Chemist: 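This is the structure I want to talk about, given as structure tokens.
Nothing here was measured: the structure is a model prediction, and the numbers come from that model. Numbering of ligands and ligand atoms starts at 1, following listing order. Counting begins at 1 with the first residue of the sequence.
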Amino acid sequence: MASFFDTSIEFLKGVGPQRAALLQKELGISTFGDLLQHFPFRYEDRTRFYKIREVTEDMPVVQIKGTVMRMDLAGHGFKKRLVAQLKDETGSMELVWFQGIRWIAQKIGPGVEYVVFGKPARYGRTISIAHPEMETVSEWGQKTGMLQPVYPLTEKLRSRHIDSRLISRIEQEVLKNALPHIRENLPESLLRKHSFIGRREAIQRLHFPENLEQLAAAQRRTKFEELFFLQLRLLKMKVVRMEKYKGQVFQDTSLLTRFYNEHLPFQLTGAQKKVIREIYQDMKSGHQMNRLLQGDVGSGKTIVAFICMLLVIGSQSQAALMAPTEILAQQHYNNLKKYADRMEIPIRLLTGSTKKAERKIIHKQLQDGTLKILIGTHALVEEEVKFAHLGLAIIDEQHRFGVAQRSKLWQKTTTIYPHVLVMTATPIPRTLAMTLYGDLDISVIDELPKGRKPIKTTHQYDSHRLQVNAFLKSQIEAGRQVYVVYPLIDESEKLDLKHLMDGYESITRAFPDYAVSILHGQMKADAKDFEMGRFQRGETKIMVATTVIEVGVDVPNASVMVIESAERFGLSQLHQLRGRVGRGAEQSYCVLMTGFKLGAEARLRMETMVKTNNGFEIAETDLKLRGPGDLMGTQQSGLLDLQLADLTKDGLILQEAREAATAILHQDPELSSMPHLVIQQHLASLRKTAVNWAKIS
Ligand code: ADP
Ligand code: MG
């Protein structure tokens with residue numbers, strides 16, 4: 001049954017086929033429902049009057065009450081214009097018209113008091129408004145809505161004379177018919193608990209608020225509603241998954257105990273212990289685990305991963321770890337192999353460059369169950385890789401993986417899904433984590449191993465390069481090693497690659513006594529391994545690289561990170577890069593190199609880096625600077641189907657919405673009780689919309 005909201009806007013008074021096509025193409029509005037959800041992005045406050053003396057050219061728009069004193073024609077030809085003096089008790093200003101002069105001259109008369117509205121500008125010492133909106137004071141007094149909606153538009157729409165006023169008229173028209181059709185979608189109890197206004201009123205007030213209080217109430221309710229349904233969908237997926245997918249039960253801790261007693265190389269931090277406990281609880285619960293493990297760089301996620309593998313292997317099951325790059329996979333393999341060898345657990349590495357003979361062995365040993373740990377890149381998800389019994393799939397640095405790949409790894413076992421642990425070193429602000437990973441459980445390692453010295457970060461201008469080089473020299477002479485990183489945002493960028501090669505050459509010239517390594521994404525895998533190996537063994541003192549070293553590379557003796565053109569990196573990337581140092585016992589340094597001229601935002605990024613080592617603090621700032629869409633990447637932006645709510649600002653409402661959704665699902669997972677039917681109905685209507693939720697898991 002087609003509902004009122006599915007009606008094409010073509011049939012709305014004042015729209016018609018041509019405008020309908022334009023609105024569809026430019027704003028994606030095709031139905032009444034879409035139109036109602038197309039909210040103003042700001043409101044012009046018509047309750048506030050400015051005195052002429054208060055008006056400055058920086059103000060976006062102002063409303064002034066004043067009397068027109070005199071009107072003159074000035075200039076000739078193109079420059080011909082009508083200029084009126086507007087005066088109030090504090091001063092005077094000019095109103096200027098370049099077009100429609102004759103008509104304006106007839107309509108506006110000297111000696112009359114007007115309400116004037118527009119964008120102020122300054123010419124010399126005179127403040128003026130070009131083409132202001134004018135109403136006589138009595139006309140103005142007859143208006144009701146004092147907050148005028150301003151709707152998002154495009155250039156194309158403007159050029160076709162579709163402006164905010166026209167949209168506002170169309171909205172008025174659709175609202176008139178829509179009101180009886182708008183149904184409440186939050187249960188009575190929630191409305192009462194949070195003193196929310198009803199949905200009908202909220203939608204109406206969002207378009208046409210009479211005052212700021214009304215607007216605020218409408219926004220609060222609508223933001224809650226958006227976030228509530230978002231969380232409800234995520235949590236529901238989790239509930240469904242928990243019911244549908246039974247988990248393998250792993251509770252044999254004998255291997256783990258042996259490792260603890262005989263081979264644990266250091267004391268685990270409290271945070272590591274806590275996280276291992278959380279994971280253990282999941283693994284023996286009978287439910288399939290889907291857990292995100294967040295831990296800042298250097299917080300020690302690798303050993304946690306290994307200990308979880310022991311739980312699985314202790315019950316004759318297998319574990320896999322998938323990393324986003326070959327270098328990282330190799331590194332994980334090297335680290336884990338040290339532990340695995342001590343425990344005499346078979347472990348192998350599978351990447352794109354694994355030789356055929358080795359592949360054959362891997363395939364065979366996976367299937368007969370003798371191979372217990374497989375580390376690798378996305379080569380792990382290839383068709384012919386089959387496990388006898390995969391109990392745990394660990395995915396490192398998830399921000400590099402597509403969701404599709406993640407679920408592919410799951411399908412390695414047809415009978416029962418493995419437990420999944422996603423590890424990320426990207427600190428994600430709570431609000432975003434709740435949304436992005438709303439269907440995962442989250443564990444956080446929020447403590448670094450003892451004895452780490454905080455990295456000292458400085459910001460240097462390119463003009464100080466000599467001093468910086470002298471500093472690098474002193475560090476190398478003291479036995480340390482240095483990274484120099486160049487931005488290579490897109491590995492195929494020729495110009496970036498040239499900068500890197502130029503940088504490499506100037507470094508070899510500046511440091512003739514030391515061997516220098518180079519590493520970038522276009523090198524063959526064995527060339528990369530070769531360079532990485534030389535640096536790891538300390539044969540080369542300087543590593544010139546692109547961001548391929550961003551994740552996971554671990555050379556404890558490297559204690560200086562120089563980041564060239566640091567302004568070209570985002571905050572989280574800078575933080576990731578910096579995390580490559582500070583892994584050993586020595587004092588570590590990060591030097592951010594930039595030109596002298598910097599935008600305000602870039603400067604704030606540098607300042608933030610210098611000020612703090614705390615990944616979560618950095619992530620919060622990053623979220624504020626870039627907005628959630630950017631942080632999540634386009635791949636998942638469908639999740640952010642949010643019209644009003646803003647994850648950077650509405651953390652509190654999000655928290656409330658999540659709590660409410662959790663409580664309701666806990667009480668009534670099917671949402672089938674009387675008071676929750678409204679929720680169920682609304683969810684069903686949402687499901688028809690474009691976002692494919694099944695893809696996101
Ligand atoms: P990340 O979380 O970035 O993957 P790693 O697992 O690579 O961190 O650990 C960083 C370094 O810290 C490694 O050299 C590791 O051996 C060491 N490490 C991990 N946990 C501890 C601990 N509890 N005490 C001391 N050192 C630790
Ligand atoms: Mg790591």
Chemist: Tell me the contacting part of Leu268 for ligand 1: side chain, backbone, both, or neither, using a 4.0 Å heavy-atom threshold, strictly below.
Modeler: backbone
Chemist: Please work out which of Gln331, Lys301, Gln294 has its closest non-hydrogen atom nearest to atom 1 (P) of ligand 1.
Modeler: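 The residue whose heavy atom sits nearest atom 1 (P) of ligand 1 is Lys301.
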Chemist: Give yes or no for whether the N/O distance cutoff of 3.5 Å, strictly under, is met between Gly295 and ligand 1.
Modeler: no
Chemist: Please name all residues satisfying side-chain contact (heavy atoms from CB on, under 4.5 Å) with Tyr461, sequence neighbours left out, ordered by chain then number.
Modeler: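 Testing Tyr461 for side-chain contact (heavy atoms from CB on, under 4.5 Å), a comparison that skips the adjacent residues, returns His459, Ser463, His464, Thr594, Phe596, Arg603.
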Chemist: For atom 17 (C) of ligand 1, which candidate among Arg452, Lys450, Glu447 provides the closest heavy atom?
Modeler: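 Answer by nearest heavy atom: Arg452.
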Chemist: Which of the numbered atoms in ligand 1 are below 4.0 angstrom from a heavy atom of Gln267?
Modeler: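 So the answer, numbered in order with elements, is 22 (C), 23 (N), 24 (N).
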Chemist: Which residues pass the ring pair (Phe, Tyr, Trp, His ring centres under 6.0 Å) test with His287, not counting sequence neighbours?
Modeler: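 His287: no ring pair (Phe, Tyr, Trp, His ring centres under 6.0 Å) contacts found.
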Chemist: Gly298 near ligand 1, heavy-atom distance under 4.0 Å?
Modeler: yes
Chemist: In ligand 1, which numbered atoms sit nearer than 4.0 Å to a non-hydrogen atom of Thr302?
Modeler: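 Answer for ligand 1: 4 (O), 5 (P), 6 (O), 7 (O).
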Chemist: One thing to verify: whether Lys372 and Glu344 come together as a salt bridge, which I'm taking to mean a side-chain N less than 4.0 angstrom from a carboxylate O.
Modeler: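 Result for this pair is no, no salt bridge flagged.
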Chemist: Looking only at distances, please establish whether an N/O atom of ligand 1 is found under 3.5 Å from an N/O atom of Gln272.
Modeler: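 Looking only at distances, the answer is yes, because the N/O contact criterion of under 3.5 Å is met.
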Chemist: Would you call Arg359 and Glu382 a salt bridge, taking side-chain N to carboxylate O under 4.0 Å as the test?
Modeler: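 Salt bridge present between Arg359 and Glu382.
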Chemist: Is Glu477 paired with Lys473 through a side-chain N to carboxylate O contact shorter than 4.0 Å?
Modeler: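 Here Lys473 does not pair with Glu477 in a salt bridge, since their nearest N and O are not under 4.0 Å apart.
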Chemist: With heavy atoms of Thr269 as the reference, note each atom of ligand 1 found under 4.0 Å away.
Modeler: 23 (N)
Chemist: Run the numbers for me: atoms of ligand 1, each under 4.0 Å from some heavy atom of Ser299, listed by number.
Modeler: 2 (O), 8 (O)
Chemist: Is the shortest distance from a Lys or Arg side-chain nitrogen in Glu326 or Lys528 to a carboxylate oxygen in the other one below 4.0 Å?
Modeler: no
Chemist: Between Glu586 and Lys453, is there a salt bridge with N-O shorter than 4.0 Å?
Modeler: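 Glu586 and Lys453: not salt-bridged.
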